[in-house]
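Only one structure is covered here, and it is reproduced in the block below.
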Amino acid sequence: MITIPVPLGPRAYDVRIGSIGPEEAVSLLAAAVRPPTGVAVIIDSRISRISPRVAPLLAALTARFPNVRPYALPAGEACKNLSEIQQTTEWLAASGFDRGALVVAVGGGATSDHAGFAASIYLRGVPFAIFPTTLLAMVDASVGGKTGVDLDAGKNLVGSFHQPRAVIADLGFLATLPARERVAGLAEVVKSGLIADAPLVDRLEAEAAALATSSDAPALAAIIAAAVKVKADVVTEDEHESGRRAILNFGHTVGHALESESGYELLHGEAVSLGMMAALSLGVTQGVTPPALAERTRRLLALLGLPVDVDSRLSREVLGRIDVDKKRRGESVRFIFVSAPGTAVMRDLPLTEVRRLLVPPAAVAPA
């Protein structure tokens with residue numbers, strides 16, 4: 001088992017990564033939290049159906065803690081809206097959970113975003129922990145304390161910072177993860193390498209074929225740990241995104257716009273892959289990104305099985321989504337560029353310039 005600390009003073013916690021059995025996982029959780037008065041287990045309903053790891057985990061939680069109650073969420077992004085948050089918090093209240101309760105998320109990034117946000121606002125905040133079940137959640141959503149839900153206008157526009165008390169990434173969940181979702185999770189690993197860990201990019205290139213087709217736990221554990229280490233280091237330096245933490249948004253400005261405009265048919269990792277290609281292309285126009293690096297990244301993403309055809313997917317509607325991006329400031333939006341593997345650069349670009357550079361004028365002309 002690999003342990004990555006996230007040293008945030010009184011909000012510090014560990015990320016545990018490995019093939020972790022349910023009893024061991026619950027023991028790790030018990031060691032990380034104060035004895036709760038009850039445990040609300042918020043579970044992705046699809047994971048409950050497909051993974052044999054869920055029932056033993058629930059049994060182990062029930063054997064260890066009082067008043068353990070499961071609550072099934074709609075699968076994936078369908079749970080990330082204020083209506084679902086209301087239903088969850090109403091259930092927490094109806095179930096009698098008090099301020100001594102613990103919320104536990106079991107699912108992918110959407111589940112942890114939902115459960116963490118609900119925990120942050122229920123009774124003005126109760127503790128929560130995460131058992132991520134997807135590669136994407138293990139390397140990204142479960143670390144850093146960002147929680148939230150979507151609005152019709154765009155992704156993650158309502159949320160809060162609420163750090164988990166523990167993250168326990170049992171790689172056994174990945175055995176039943178659909179191949180498309182596992183591959184999508186690799187996009188955030190590529191992102192981590194490009195912004196802060198050049199050797200990770202080299203490793204991904206060397207192992208791309210195997211990573212694209214295999215769920216081998218030891219190989220995945222190493223790259224998950226590397227990506228988590230990048231995020232933990234950045235979050236420790238800048239917990240609330242007042243500075244350097246913004247580099248974690250590389251690929252996300254255009255990625256979130258594409259994801260929202262697709263009606264979430266695009267998986268988050270697929271959208272980030274496309275968003276990274278857009279950011280690299282913009283970086284080339286700004287003289288920040290070497291063209292060779294953009295091409296190197298395109299080859300790597302394609303080898304991993306991720307989409308790279310961003311030009312054909314950009315439109316006036318997609319660019320309209322950027323207008324409500326969280327990183328917008330007035331008439332500019334902050335983009336993250338990469339000047340070399342492991343080196344990120346922040347720069348504000350006027351929205352008019354972004355539109356001009358990303359989409360030909362005919363595509364953005366008024367209807």
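For this chain, numbers begin at 1 and follow the sequence in order.
- Going from atom OG1 of Thr176 over to atom CZ of Arg49 covers 12.0 Å, rounded to the nearest 0.5 Å.
- Thr133 places a side-chain N or O within 3.5 Å of a backbone atom of Gly107 that can act as its donor or acceptor partner.
- Shortest non-hydrogen contact noted between Ser48 and Ile43 is OG-CG2, 3.0 Å.
- Using a 4.5 Å cut-off between side-chain heavy atoms of Ile, Leu, Val, Met, Phe, Trp and Tyr, with links allowed through other members, Val41 and Ile130 fall into different hydrophobic clusters.
- When all heavy atoms of Tyr13 and Arg165 are compared, the closest pair comes out as CB-O, 3.3 Å.
- Put simply, the side chain of Ser192 gets close to the backbone of Glu188: a donor and an acceptor are under 3.5 Å apart.
- For residues 118-128, every residue pair satisfying the side chain to side chain donor-acceptor pair (under 3.5 Å) rule, not counting sequence neighbours, is listed here: Ser120-Ser160.
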Side-chain donor-acceptor distances from residues 277-289 under 3.5 Å, at least two apart:
from: Thr285; atom 1: OG1; to: Leu282; atom 2: O; distance (Å): 2.6
from: Thr289; atom 1: OG1; to: Val338; atom 2: O; distance (Å): 2.8

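- A donor-acceptor pair shorter than 3.5 Å can be found between the side chains of Ser242 and Asp238.
- For residues 15-39, the set of pairs meeting the salt bridge (Lys or Arg N to Asp or Glu O under 4.0 Å) definition, not counting sequence neighbours, comprises Asp14-Arg16.
- Residues in residues 264-285 take part in these salt bridge (Lys or Arg N to Asp or Glu O under 4.0 Å) pairs, two or more places apart or across chains: Arg180-Glu270.
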Would Met1 and Leu28 satisfy side chain to side chain contact (heavy atoms under 4.5 Å, CB included), going step by step from the backbone distance to the final call? CA-CA 12 Å; Met1 183 169 55; Leu28 291 169; 3.8 Å; yes
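- A pairwise comparison of heavy atoms in Ile336 and Ala344 identifies CG2-CB, 4.0 Å as the closest pair.
- In this structure, Asp150 contributes its side chain and Lys155 its backbone to no donor-acceptor pair below 3.5 Å.
- When all heavy atoms of Ser142 and Pro164 are compared, the closest pair comes out as O-CG, 3.9 Å.
- Rounding to the nearest 0.5 Å places NE2 of His252 at 9.0 Å from CG of Asn156.
- Note on residues 67-95: pairs passing ring pair (Phe, Tyr, Trp, His ring centres under 6.0 Å), not counting sequence neighbours, are Tyr71-Trp91, Trp91-Phe97.
- For the atom pair CD1 (Ile47) and CG (Leu177), the distance works out to 7.0 Å, reported to the nearest 0.5 Å.
- Among residue pairs with one or both ends in residues 186-226, none qualify as ring pair (Phe, Tyr, Trp, His ring centres under 6.0 Å); sequence neighbours excluded.
- If you check the side chains of Arg64 and Ser27, you find a donor sitting under 3.5 Å from an acceptor.
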Stepwise, does the side chain to side chain contact (heavy atoms under 4.5 Å, CB included) test hold for Leu248 with Lys191? CA-CA 8 Å; Leu248 296 171; Lys191 179 203 79 175; 4.0 Å; yes
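- Applying the ring-ring contact (aromatic ring centres under 6.0 Å, His included) rule to Phe128 yields the partners His162; only residues at least two apart in sequence or on another chain are considered.
- With values rounded to the nearest 0.5 angstrom, Arg298 atom CZ is found 11.0 Å from Ser273 atom OG.
- Residues Leu174 and Ile224 approach most closely at CD1-CD1, 4.3 Å, considering heavy atoms.
- In summary, the side chains of His268 and Glu77 do not present any donor paired with an acceptor at a separation below 3.5 Å, with no hydrogens or angles considered.
- Under the 3.5 Å distance criterion, the side-chain polar atoms of Lys231 are matched with a main-chain donor or acceptor of Asp140.
- Residues passing the ring-ring contact (aromatic ring centres under 6.0 Å, His included) test with His114, sequence neighbours excluded: none.
- Between the side chain of Thr343 and the backbone N or O of Ser339 there is no donor-acceptor pair closer than 3.5 Å.
- Between the side chain of Thr89 and the backbone N or O of Gln86 there is at least one donor-acceptor pair closer than 3.5 Å.
- Residues Val310 and Leu349 share a single hydrophobic cluster, defined by chaining ILVMFWY side chains whose heavy atoms lie under 4.5 Å apart.
- Of all heavy-atom pairs spanning Ile17 and Ala225, the tightest one is CD1-CA, 3.7 Å.
- Here the CZ-CZ distance, from Arg245 to Phe161, works out to 5.0 Å after rounding to the nearest 0.5 Å.
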Using atom types as modelled, flag every donor-acceptor pair under 3.5 Å from a side chain in residues 194-204 to any protein atom, sequence neighbours excluded.
from: Asp197; atom 1: OD1; to: Leu200; atom 2: N; distance (Å): 3.3
from: Asp202; atom 1: OD1; to: Arg296; atom 2: NH2; distance (Å): 2.8
from: Arg203; atom 1: NE; to: Glu207; atom 2: OE2; distance (Å): 3.1

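- Under the rule for a salt bridge (Lys or Arg N to Asp or Glu O under 4.0 Å), the partners of Asp233 that lie at least two apart in sequence or sit in another chain are Lys229.
- With sequence neighbours excluded, the residues forming a salt bridge (Lys or Arg N to Asp or Glu O under 4.0 Å) with Arg299 are Glu295, listed by chain and number.
- Contact check on Arg321 versus Glu259 returns no salt bridge, with no Lys/Arg side-chain nitrogen under 4.0 Å from an Asp/Glu carboxylate oxygen.
- In terms of hydrophobic clustering, with Ile, Leu, Val, Met, Phe, Trp and Tyr side chains grouped at heavy-atom distances under 4.5 Å, Val143 and Val106 are assigned to different clusters.
- Leu171 is connected to Val189 through a chain of hydrophobic side-chain contacts under 4.5 Å among Ile, Leu, Val, Met, Phe, Trp and Tyr, so both are in one cluster.
- Taken from CG in Asp309 to CG in Leu274, the straight-line distance is 6.0 Å, to the nearest 0.5 Å.
- For Asp348 and Arg334, the salt-bridge test passes: some basic side-chain N is under 4.0 Å from an acidic carboxylate O.
- The salt bridge (Lys or Arg N to Asp or Glu O under 4.0 Å) pairs that include a residue from residues 94-117 are Lys80-Asp113, where partners are two or more places apart or lie in different chains.
- Looking at Val354 and Val333, their side chains come closer than 4.5 Å, going by heavy atoms from C-beta outward.
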